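See structure below.
Since we're looking at a predicted model, the values are computed, not measured. Throughout, residue positions are numbered sequentially from 1 according to the sequence presented.
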Amino acid sequence: MSEVYFNKKHLGKTLKCVKRAMNCHSMVLCLGGQEEARTGQAVLGFALGVAGDCYMACVANWDSMPVYQEQYNTALPAGSGIAREVERYTTELDRDWTIKQPRDIREAMELAIKCYSRALELMGTKDISLVKRLANVENELGVFYMNQATALVQKISDNQELAVTAMAGAQDLFNYSRKYLNQGIAKFESISDLANTALLLSNSGRLSRLAGHAAGLQSGQDGDGAEYGGEEAAHYKAAVEYYHQALAVLGSKKTSSQIWDTVSWELSSTLFTVGTLLQDHAPLTTQSRDEVEKAVTEHMSQALKYCDTESVSPRQCMYQTRAAVIHHRLASLYHHSYRCYAQEDNTNRKRKLKQLSELHYVKASQLFLVVDRPAEFIRTVLERAGLVEAQLPAMKGEGARYKLLLQVLDIVLETGVVVAKLVEKEDDEMSDKEEWEEEKKMLETVVQRIQFILLSMVKLGNATGKSKKTKPDRKSSGSVKDSYAAALKCSGKSPTLARDLYSLISKLGEDRGAM
């Protein structure tokens with residue numbers, strides 16, 4: 001009857017039937033002993049499996065729980081007679097009290113685990129279906145506790161005054177979540193379910209990332225948050241190991257392409273997070289700057305490895321955006337290291353840093369263009385221009401400086417492809433205002449950079465003209481002055497800034513040959 005009611009979605013009546021079956025089994029046990037009761041164990045195990053399914057169905061349809069409770073409390077046909085016989089031959093201590101109405105979702109899942117576990121004990125053999133259902137519930141309960149921990153950690157982020165009490169609660173939730181996820185992993189491994197084993201290992205990685213984030217918040221609260229390391233680093237390291245284990249279990253994408261893609265994305269995200277933390281909160285008290293730079297490079301490069309930017313998929317845009325950000329961060333890292341060298345230094349290491357920085361800036365800008373991120377595209381182009389411009393003080397002749405400024409100008413003019421798109425956005429009243437404000441700031445910066453470069457070229461042209469050794473090119477000098485005059489008319493306060501800047505860039509492109 002329990003199976004019939006379950007198929008009809010009468011979950012309350014299903015549980016009542018299983019409860020009556022359990023009571024009957026208790027009565028047989030009391031009257032006939034273990035030997036007599038053993039004959040009904042297989043049927044009872046099946047009924048408990050149905051009860052476990054019923055509790056999980058209650059979780060999925062929790063809004064209907066009042067209906068199920070009413071069904072449970074309604075007497076079944078012949079139920080009163082069965083109850084009288086059970087009470088006649090058993091005491092309350094003899095009866096099984098596994099089946100009851102759950103008070104909340106957590107208790108419903110815990111009851112499901114009890115039912116499946118008891119069913120496996122009664123069946124006496126490894127029922128793969130039961131093991132899989134039990135492991136699935138343990139995963140669900142592990143994720144349930146993880147989500148509760150996430151909410152507590154968010155409270156710590158929002159309100160530092162709650163940090164001590166909330167962190168203590170979060171640690172307990174981490175432990176509960178880890179316990180159930182580990183149990184689920186062990187069961188899936190026992191039946192060689194590779195896809196689900198990998199999925200739970202991935203969830204364990206997510207739990208470790210959350211614990212790492214919480215540890216970082218806590219160290220910040222204690223005043224030690226300036227540097228990355230300690231417990232925070234240990235949790236993130238564990239997360240990376242879990243994700244690697246998940247991929248190793250799968251072996252290849254063929255086992256489960258969806259889970260493989262999910263794990264690869266989570267692994268890439270974790271490696272990127274660690275690289276970012278190392279870069280932004282460098283542990284310089286325990287490591288040298290070169291060691292930190294190497295660690296950042298390794299983590300970012302590994303994160304890039306798992307970003308499939310070429311294959312067409314729902315995640316392609318996310319991969320491309322992530323790759324663009326990683327290239328930008330690597331470019332900034334090499335740029336910073338390059339600027340740490342003295343101007344007169346001309347070692348291979350310094351030249352290599354410049355080449356690497358420029359390479360990553362180019363890759364970042366190309367990807368930002370593909371994913372339509374105008375502000376980030378302009379920022380990377382301007383930073384690359386700054387990288388080239390940093391060589392200016394080391395240049396010895398006015399002619400060499402002038403040529404270098406032309407190179408810088410050429411790089412800045414690369415923003416024209418995005419400025420053209422922003423001309424349309426400027427006229428669109430439906431565009432995101434906050435996003436447009438950021439893009440407008442970048443456009444203003446482009447105008448300022450063009451004005452500064454042209455002014456520097458005008459000054460160099462004048463200085464070259466006054467030199468006795470050099471015969472001035474009047475045509476070139478006049479063209480640069482005209483361009484500078486046009487650039488000064490382009491105002492960052494103009495309501496048609498994008499259109500004005502695009503016109504300026506177009507003019508400079510036409511006049512570039514005469515400069």
Side-chain angles (χ1 to χ4, degrees), residues 1-30 37 40-123 127 129-145 147-148 176 180 183-184 187:
M1 284 184 70
S2 64
E3 187 179 14
V4 171
Y5 281 131
F6 181 75
N7 290 335
K8 290 181 177 180
K9 309 298 182 187
H10 295 172
L11 304 183
K13 290 181 179 180
T14 303
L15 290 173
K16 194 64 173 282
C17 284
V18 177
K19 184 177 179 65
R20 285 286 175 255
M22 297 287 289
N23 288 339
C24 289
H25 183 263
S26 299
M27 184 176 72
V28 172
L29 190 62
C30 287
Q41 285 183 352
V43 175
L44 191 62
F46 175 79
L48 282 165
V50 173
D53 295 342
C54 189
Y55 280 123
M56 293 311 293
C58 288
V59 170
N61 301 278
W62 193 254
D63 290 344
S64 301
M65 200 58 204
V67 176
Y68 306 144
Q69 289 172 337
E70 187 177 344
Q71 291 172 356
Y72 185 88
N73 293 325
T74 302
L76 293 168
S80 56
I82 295 173
R84 280 197 303 272
E85 290 301 311
V86 170
E87 289 170 4
R88 179 179 174 186
Y89 294 104
T90 63
T91 66
E92 286 191 0
L93 293 175
D94 295 325
R95 294 171 213 149
D96 193 298
W97 296 97
T98 302
I99 305 300
K100 61 180 181 178
Q101 296 184 68
R103 291 166 295 181
D104 51 38
I105 289 175
R106 177 188 58 80
E107 187 179 32
M109 286 192 279
E110 288 175 345
L111 288 169
I113 288 174
K114 281 186 179 179
C115 288
Y116 290 138
S117 300
R118 183 76 192 283
L120 282 169
E121 290 173 10
L122 290 169
M123 303 285 272
D127 186 308
S129 173
L130 268 177
V131 173
K132 185 175 286 192
R133 282 141 70 192
L134 175 55
N136 276 327
V137 182
E138 287 171 335
N139 176 49
E140 291 284 344
L141 193 52
V143 171
F144 175 82
Y145 281 121
N147 290 338
Q148 287 194 321
Y176 285 130
Y180 284 109
Q183 289 176 186
K187 289 180 177 64

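With rounding to the nearest 0.5 angstrom, the OG1 atom of Thr14 is 15.0 Å from the NZ atom of Lys19. A distance of 11.5 Å separates CG of Leu120 from SG of Cys115, quoted to the nearest 0.5 Å. Distance check: Lys16 NZ to Lys13 NZ gives 10.5 Å after rounding to the nearest 0.5 Å. Annotation: the span from Ser129 atom OG to Leu134 atom CG amounts to 11.0 Å, rounded to 0.5 Å.
Between Met56 and Ala112, the shortest heavy-atom distance links the atoms SD-CB, 3.9 Å. Of all heavy-atom pairs between Leu122 and Gly45, the closest is CD1-N, 4.1 Å. Shortest non-hydrogen contact noted between Ala119 and Leu130 is CB-CD1, 3.9 Å. Smallest separation of non-hydrogen atoms from Leu11 and Ala57: CD1-CB, 3.6 Å.
For the salt bridge (Lys or Arg N to Asp or Glu O under 4.0 Å) test, residues two or more places apart in sequence or in another chain that qualify with Lys132 are Asp193.
Pro102 is listed as a side-chain neighbour of Met65, based on a closest heavy-atom distance under 4.5 Å.
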Under 3.5 Å, which donor-acceptor pairs link side chains of residues 137-145 to any protein atom two or more places apart or in another chain?
| from | atom 1 | to | atom 2 | distance (Å) |
| --- | --- | --- | --- | --- |
| Glu138 | OE1 | Gly184 | N | 3.4 |
| Glu138 | OE1 | Lys187 | NZ | 3.4 |
| Glu138 | OE2 | Gln183 | NE2 | 3.0 |
| Glu138 | OE2 | Lys187 | NZ | 3.2 |
| Asn139 | OD1 | Asn203 | ND2 | 2.9 |
| Tyr145 | OH | Glu110 | OE2 | 3.4 |

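Pairs of residues two or more places apart, or lying in two chains, that qualify as side chain to side chain donor-acceptor pair (under 3.5 Å) and include a residue from residues 53-76 are Asp53-Tyr116, Asp53-Arg133, Asn73-Gln101.
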